[in-house]
> 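Got a structure for you, questions after.
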Amino acid sequence: MLTFFATAKAFQGHSGIIQRNALKSWTLLNPDVEVILFGDDEGAAEVCAELCLRHETQVKRHESGMKYLDYMLDRAQKIARHKYLCYCNCDIILMDDFWRAFVKTTARRGQFLMVSRRWDTDITAPIDFGDPSWTAKVRKMALTANVQQGNHFVDLFVFSKGLYDEVPPLVVGRGYWDHWLIWKALSRGAAVLDVSRCVVPVHQNHGYGYHPLGSQGTNEDELAQQNIRLAGDGRHLRTIVHSTHLMTRQGEIWITPLRGVFGKDAMLAFRMKILEKTFPLRDRLGLRRRHLKNLWVKLTS
């Protein structure tokens with residue numbers, strides 16, 4: 001029923017451990033799940049052979065080595081065995097609650113995009129998938145850590161084949177491509193379903209040593225700014241707060257026409273709108289958070 005596709009970093013050290021954990025968890029969701037891994041990164045071929053994944057070595061890259069989303073989306077929709085696809089970041093462990101939400105979502109008619117907030121969790125060792133209670137243990141770790149990220153952290157995208165066409169050359173591994181995916185679904189009239197209340201996608205915490213400015217740099221460097229420019233200078237960016245439907249803890253699907261109008265969701269939607277409207281000016285003036293911080297240090301030193 002479902003084809004996953006993803007790309008990974010080199011399978012070394014901690015990154016190798018958490019990526020194996022994630023990929024293996026997807027294969028255990030259902031015997032008929034297909035997983036496609038894009039890229040010829042170190043260790044990818046061996047992991048694909050070990051876990052019986054489909055390995056697509058060819059992928060379009062920016063001169064920096066970062067991978068383009070448009071190529072993977074186009075290729076995956078062409079070669080996937082199943083009608084439904086899921087792009088998922090390669091550090092996300094998924095369990096049976098995800099599968100139940102997916103099955104209920106596919107019972108709906110029409111195009112859709114299913115998304116969820118993630119739960120940040122420290123996992124440093126390979127998971128023993130031979131342990132029948134592994135899902136209960138991982139879920140307990142996530143809920144005990146109690147770090148469910150906000151509506152702007154989007155790591156999984158389940159959609160029906162054909163939803164994404166005319167994708168700009170956005171770079172993954174930098175910010176904002178995920179927000180563009182939500183905008184694109186909305187622009188095509190698809191239902192955007194938030195399943196955060198009933199699904200616990202476990203994000204295995206990791207460092208950002210691959211970027212000289214760490215996590216902040218992945219949202220503020222030139223590639224991130226390029227993603228914003230490609231997203232209509234920020235006009236084509238949306239988050240989970242803009243979803244049209246939500247799934248309750250009981251698995252019921254509700255329409256959410258007033259989401260983003262009241263409470264915290266409204267504040268986040270307002271902030272997003274301000275950022276969208278002011279991006280061209282801020283970009284020309286170099287008014288990014290890092291630059292403002294450096295200016296403040298100079299003025300006060």
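Counting from 1, the numbers follow the sequence of the chain as shown. Below, each value reflects all heavy atoms present in this structure, side chains not excepted, and no hydrogens, waters or symmetry copies.
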> Of all the heavy-atom pairs spanning Arg188 and Tyr164, show the shortest one and how long it is.
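Heavy-atom minimum between the residues: NH1-N, 4.2 Å.
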> Ring centroid separation for Trp183 and Tyr176, is it under 6.0 angstrom?
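Between Trp183 and Tyr176, the centre distance exceeds or equals 6.0 Å.
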> Just so I know, are the side chains of His55 and Thr57 near enough to count as touching, which here means a heavy-atom distance under 4.5 Å?
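With C-beta onward as the side chain, the pair touches.
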> Using every non-hydrogen atom in the two residues, find where Ile240 and Ile182 come nearest and quote the distance to one decimal.
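Looking at all heavy atoms of both residues, the shortest contact is N-CD1, 3.8 Å.
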> So, applying ring pair (Phe, Tyr, Trp, His ring centres under 6.0 Å) with Tyr87, which one of Trp177, Phe4, Phe159, Phe38 is it?
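It is Trp177, the one option of Trp177, Phe4, Phe159, Phe38 that forms the ring pair (Phe, Tyr, Trp, His ring centres under 6.0 Å) with Tyr87.
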> Search all heavy atoms of Ser25 against all heavy atoms of Ile92 and return the closest pair with its distance.
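Looks like OG-O, 4.2 Å.
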> Can you measure from CD (Gln204) to NE2 (His14) and round to the nearest 0.5 angstrom?
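So the gap between those two atoms works out to 6.5 Å.
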> Between Val35 and Tyr71, is there a shared hydrophobic cluster once you connect ILVMFWY residues whose side-chain heavy atoms come closer than 4.5 Å?
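No, it is not one cluster - the side chains of Val35 and Tyr71 are not joined through contacts under 4.5 Å.
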> Looking at every non-hydrogen atom in both residues, tell me the closest pair between Cys86 and Val158 and how far apart they are.
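Cys86 and Val158 have their closest heavy atoms at SG-CG2, 3.7 Å.
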> How many angstroms lie between atom CD1 of Ile93 and atom CH2 of Trp119, to the nearest 0.5 angstrom?
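Atom-to-atom, Ile93:CD1 and Trp119:CH2 are 15.0 Å apart.
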> Charged N to carboxylate O under 4.0 angstrom, Asp128 versus Lys137?
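No, Asp128 and Lys137 are not salt-bridged.
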> Are Tyr84 and Phe112 an aromatic pair, judged by ring center distance below 6.0 Å?
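Under 6.0 Å, so yes.
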> Going from OG1 on Thr3 to CD1 on Ile79, what distance comes out if it is rounded to the nearest 0.5 angstrom?
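Answer rounded to 0.5 Å: 8.5 Å.
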> Under the side chain to side chain donor-acceptor pair (under 3.5 Å) criterion, do Asp91 and His203 qualify, and how do the steps go?
CA-CA 6 Å; Asp91 50 17; His203 172 255; 3.2 Å; yes
> When you group the ILVMFWY residues by side-chain heavy-atom contacts below 4.5 Å and let the links chain together, are Ile253 and Val241 in the same group?
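No; tracing contacts between hydrophobic side chains, which count when under 4.5 Å, never links both residues.
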> Side chain to side chain contact (heavy atoms under 4.5 Å, CB included) with Arg117: which of Arg197, Gln149, His152, Gln148?
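Exactly one candidate clears the test, Gln148.
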> Is there a path from Leu69 to Ile228 through hydrophobic residues (I, L, V, M, F, W, Y) whose side chains come within less than 4.5 Å of each other?
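Yes: a chain of side-chain contacts under 4.5 Å links Leu69 to Ile228.
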> Mind checking whether Phe5 and Trp26 have ring centres under 6.0 Å apart?
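They do not qualify: ring centres at least 6.0 Å apart.
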> For Glu252, I'd like to know if atom CD has over 12 heavy atoms of other residues, nucleotides or ligands within 6.0 Å.
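Yes, enclosed.
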> Looking at CZ of Phe11 and CD1 of Ile17, how far apart are the two atoms once the value is rounded to the nearest 0.5 Å?
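Here the interatomic distance stands at 12.0 Å.
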> In terms of heavy-atom contacts, does NZ of Lys60 have more than 12 from other residues, nucleotides or ligands at under 6.0 Å?
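Yes.
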> If you look at every heavy atom in Ala6 and Cys88, which pair is closest and at what distance?
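Shortest heavy-atom contact: CB-O, 3.3 Å.
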> Using the side chain to side chain donor-acceptor pair (under 3.5 Å) rule, take Ser15 and Lys9 through it: C-alpha gap first, then chi angles, then the decisive distance, then the call.
CA-CA 7 Å; Ser15 290; Lys9 306 183 187 76; 4.9 Å; no
> To check you understand the geometry: which heavy-atom pair defines the closest contact between Val195 and Met247, and what is its length?
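Nearest heavy atoms, Val195 then Met247: CG1-CB, 4.0 Å.
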> Please assess Val172 against Met66 for the test side-chain contact (heavy atoms from CB on, under 4.5 Å), listing each intermediate value before the final yes or no.
CA-CA 7 Å; Val172 297; Met66 305 304 294; 5.9 Å; no
> Find out if a path of hydrophobic residues (ILVMFWY) with successive side-chain heavy-atom gaps under 4.5 Å connects Val200 to Met141.
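Both belong to a single hydrophobic cluster.
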> Decide yes or no on side-chain contact (heavy atoms from CB on, under 4.5 Å) for Thr244 and Ile255, but give the supporting numbers first.
CA-CA 6 Å; Thr244 60; Ile255 299 175; 5.9 Å; no
> Working to the nearest 0.5 angstrom, can you tell me the gap between Leu237 CG and Lys184 NZ?
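Spacing of CG (Leu237) from NZ (Lys184) equals 13.5 Å.
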> Report yes or no: do Leu246 and Val199 belong to one cluster of Ile/Leu/Val/Met/Phe/Trp/Tyr joined by side chain heavy-atom distances under 4.5 Å?
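Different clusters.
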> Tell me whether Asp74 is salt-bridged to Lys161, with the criterion being a basic N under 4.0 Å from an acidic carboxylate O.
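Here Asp74 does not pair with Lys161 in a salt bridge, since their nearest N and O are not under 4.0 Å apart.
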> Would you check, one step at a time, whether the test side-chain contact (heavy atoms from CB on, under 4.5 Å) holds for Leu53 with Ile36?
CA-CA 6 Å; Leu53 315 181; Ile36 303 171; over 6 Å; no
> Is there side-chain contact between Trp180 and Asn227, with heavy atoms separated by less than 4.5 Å?
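No, side chains not in contact.
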> Find the distance between CG (Leu193) and CZ (Arg108) and round it off to the nearest 0.5 Å.
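One finds 7.0 Å between CG of Leu193 and CZ of Arg108.
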